[in-house]
Engineer: 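A single structure is presented below for examination.
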Amino acid sequence: MQQLKKYLRTYLPFTRAGIQAAMTYRSNFLAWFLGSIVYCLVMYYIWLAVFNSSGEGMINGFTMRDMTVFLFITAMTNFLTDSDGSYDVGEEVRDGNIAMRLIKPVGFHSTFLFTEIGWKLLIFGMIFAPVVIGVEIYKFNAYGGFAFNIASFALYIFSMTMSYLFSFYMNVCFGFMAFFLKNLWGFNIIKSSILRFLSGGVLPLAFMPGALRQVLEWLPFASLCYTPVMIYMGMYSPAETALRLAVQVAWVIVFYIISKLILSTALRHVSVQGG
């Protein structure tokens, strides 16, 4: 307990710094949020056209009402679980600030993690909560009754936390490439586009061909978005929910270990451009 208090005392200032940075650049993430809403509306009308042209009330286990919920909860889940770890590490290597971070008596990963948590707390209170309330109001009207499930929502929050931790450690691993490549801007764009597709953020994995779907559900990418959203919607059985959560936890542990190993290797190749 004493070690935990010391740990929190050391890193909570980074969380406060993250909140302050988010407030300073609040127009930035509000613009990102509005962009996500516009994207959801565009996708809504695309899917509406798909369902209308198919003449089917249900496609691959999704009704149009389910797809509407999926689109908005997916957007907010991506908003909360997305990590700037690769960008932050890459920028600090490029401008030389990485040198100052490495000589401080704090954990390299933890400083980035707790700073991002500050951003996420602000987003959760100001954006995520209102959107979830709006989605639940929509579900009440669309399904003709109160459809909120506290157990599913609690599991969704846990799953989303695992999604964020996995996203953070995976992006930090990717960011360590900056020790060798020096600039990751273009690679980050490619990575984000690929991950958005493979995680079910563009097309639900249920619409993928059978064999490909099974592979993607076992790979870590589904943990980023598809798994927590499906848990929120109650699309998994209790046994499958437990399995998917176990897969998420396993991938978080794997990438945490990989990030530590890569860091120890990358530090032997440090070449600061700006320092």
Side-chain angles (χ1 to χ4, degrees), residues 36 39-40 42-83 135 139 143 147 149 151-153 155-171 173-174 189-255 258:
S36 297
Y39 172 81
C40 287
V42 171
M43 293 301 296
Y44 169 81
Y45 285 107
I46 290 175
W47 280 108
L48 185 61
V50 170
F51 274 87
N52 287 340
S53 63
S54 71
E56 300 288 337
M58 180 178 290
I59 304 176
N60 291 330
F62 283 78
T63 64
M64 188 58 210
R65 293 177 301 183
D66 295 332
M67 187 59 68
T68 303
V69 174
F70 179 88
L71 290 173
F72 281 90
I73 295 300
T74 294
M76 291 303 99
T77 301
N78 277 327
F79 203 38
L80 271 173
T81 60
D82 186 43
S83 173
V135 168
K139 287 170 63 178
Y143 292 95
N149 187 302
S152 292
F153 186 74
L155 289 172
Y156 164 71
I157 294 297
F158 175 78
S159 177
M160 188 167 58
T161 302
M162 292 299 103
S163 297
Y164 170 67
L165 290 175
F166 165 69
S167 176
F168 173 78
Y169 287 116
M170 180 192 65
N171 276 284
C173 288
F174 188 84
I189 295 176
I190 296 172
K191 179 210 66 176
S192 297
S193 301
I194 293 174
L195 287 180
R196 190 173 182 85
F197 179 76
L198 295 180
S199 67
V202 176
L203 182 71
L205 298 186
F207 286 76
M208 299 290 185
L212 178 60
R213 172 187 174 181
Q214 292 178 2
V215 171
L216 290 177
E217 286 183 343
W218 282 103
L219 289 175
F221 310 115
S223 296
L224 287 171
C225 178
Y226 189 72
T227 295
V229 173
M230 294 295 279
I231 290 174
Y232 176 91
M233 296 177 64
M235 303 287 273
Y236 287 149
S237 66
E240 192 170 7
T241 297
L243 175 62
R244 297 303 169 195
L245 290 175
V247 170
Q248 280 190 292
V249 173
W251 280 117
V252 169
I253 294 172
V254 167
F255 272 84
I258 291 174

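Counting begins at 1 with the first residue of the sequence.
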Engineer: According to side-chain hydrogen bond (donor to acceptor under 3.5 Å, both in side chains), who are the partners of R196, at least two apart in sequence or on a separate chain?
Structural biologist: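 Checked R196 against side-chain hydrogen bond (donor to acceptor under 3.5 Å, both in side chains); zero matches.
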Engineer: With sequence neighbours excluded, what pairs up with T74 under the side-chain hydrogen bond (donor to acceptor under 3.5 Å, both in side chains) test?
Structural biologist: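 Listed in chain order: nothing, the list is empty.
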Engineer: Can you name the side-chain contact (heavy atoms from CB on, under 4.5 Å) partners of C40, sequence neighbours left out?
Structural biologist: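 Counting only residues at least two positions away or on another chain, C40 forms a side-chain contact (heavy atoms from CB on, under 4.5 Å) with F72, A75.
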Engineer: Starting at CG of L198, measure out to CG of L212 and round the result to the nearest 0.5 Å.
Structural biologist: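 L198 CG to L212 CG: 8.5 Å, rounded to 0.5 Å.
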Engineer: Show every donor-acceptor pair shorter than 3.5 Å between a side-chain atom in residues 225-239 and any protein atom, with sequence neighbours excluded, or say none if there are none.
Structural biologist:
from: Y226; atom 1: OH; to: A206; atom 2: N; distance (Å): 3.3
from: T227; atom 1: OG1; to: A222; atom 2: O; distance (Å): 3.3
from: Y232; atom 1: OH; to: E136; atom 2: OE2; distance (Å): 2.4
from: S237; atom 1: OG; to: E240; atom 2: N; distance (Å): 3.2

Engineer: Could you state the interatomic distance from CG (L216) to OG (S199), rounded to the nearest 0.5 Å?
Structural biologist: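 Going from the CG atom of L216 to the OG atom of S199 covers 10.0 Å.
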Engineer: To the nearest 0.5 angstrom, please state how far the OG1 atom of T77 sits from the CG atom of L224.
Structural biologist: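 Those atoms lie 11.0 Å apart.
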Engineer: Hey, are the side chains of V249 and F158 touching, using non-hydrogen atoms and a 4.5 Å cut-off?
Structural biologist: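 Yes. Closest side-chain heavy atoms under 4.5 Å.
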Engineer: Report all side-chain donor-acceptor pairs from residues 160-169 shorter than 3.5 Å, counting only partners two or more places apart or in another chain.
Structural biologist:
from: T161; atom 1: OG1; to: I157; atom 2: O; distance (Å): 2.8
from: S163; atom 1: OG; to: S159; atom 2: O; distance (Å): 3.0
from: S163; atom 1: OG; to: S223; atom 2: O; distance (Å): 2.4
from: S163; atom 1: OG; to: Q248; atom 2: NE2; distance (Å): 3.0
from: Y164; atom 1: OH; to: E116; atom 2: OE1; distance (Å): 2.5
from: S167; atom 1: OG; to: T81; atom 2: O; distance (Å): 3.0
from: S167; atom 1: OG; to: S83; atom 2: N; distance (Å): 3.4
from: S167; atom 1: OG; to: N171; atom 2: ND2; distance (Å): 3.3

Engineer: With a cut-off of 3.5 Å and sequence neighbours excluded, list every side-chain donor-acceptor pair involving residues 47-55.
Structural biologist:
from: N52; atom 1: ND2; to: L48; atom 2: O; distance (Å): 3.2
from: S53; atom 1: OG; to: A49; atom 2: O; distance (Å): 2.9
from: S53; atom 1: OG; to: V50; atom 2: O; distance (Å): 3.0
from: S54; atom 1: OG; to: V50; atom 2: O; distance (Å): 3.4
from: S54; atom 1: OG; to: F51; atom 2: O; distance (Å): 2.9
from: S54; atom 1: OG; to: E56; atom 2: N; distance (Å): 3.2

Engineer: Among residues two or more places apart or on two chains, list those pairs meeting salt bridge (charged side-chain N to carboxylate O under 4.0 Å, His left out) that have a residue in residues 209-227.
Structural biologist: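 Every pair satisfying salt bridge (charged side-chain N to carboxylate O under 4.0 Å, His left out) with a residue in residues 209-227: R213-E217, E217-R244.
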Engineer: According to salt bridge (charged side-chain N to carboxylate O under 4.0 Å, His left out), does anything in residues 220-233 pair up with another residue at least two apart or in another chain? List the pairs.
Structural biologist: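 Passing the test, one end in residues 220-233: no pairs.
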Engineer: How long is the span from the CZ atom in F221 to the CG atom in L195, to the nearest 0.5 Å?
Structural biologist: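 Here the interatomic distance stands at 6.0 Å.
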Engineer: The criterion is side-chain hydrogen bond (donor to acceptor under 3.5 Å, both in side chains); which residues satisfy it with T63, sequence neighbours excluded?
Structural biologist: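 Partners of T63 under the side-chain hydrogen bond (donor to acceptor under 3.5 Å, both in side chains) test: D66.
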Engineer: Can you run down the salt bridge (charged side-chain N to carboxylate O under 4.0 Å, His left out) pairs that involve residues 221-232, sequence neighbours left out, and say none if there aren't any?
Structural biologist: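 Checked against salt bridge (charged side-chain N to carboxylate O under 4.0 Å, His left out) - neighbours excluded - no pair reaches residues 221-232.
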Engineer: Quick check on Y39: does its OH atom have over 12 non-hydrogen neighbours (other residues, nucleotides or ligands) under 6.0 Å away?
Structural biologist: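 Enclosed: over 12 neighbouring heavy atoms sit under 6.0 Å from OH of Y39.
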Engineer: Just how far is it from atom CE of M64 to atom OG1 of T68, taken to the nearest 0.5 Å?
Structural biologist: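 These two atoms lie 4.0 Å from each other.
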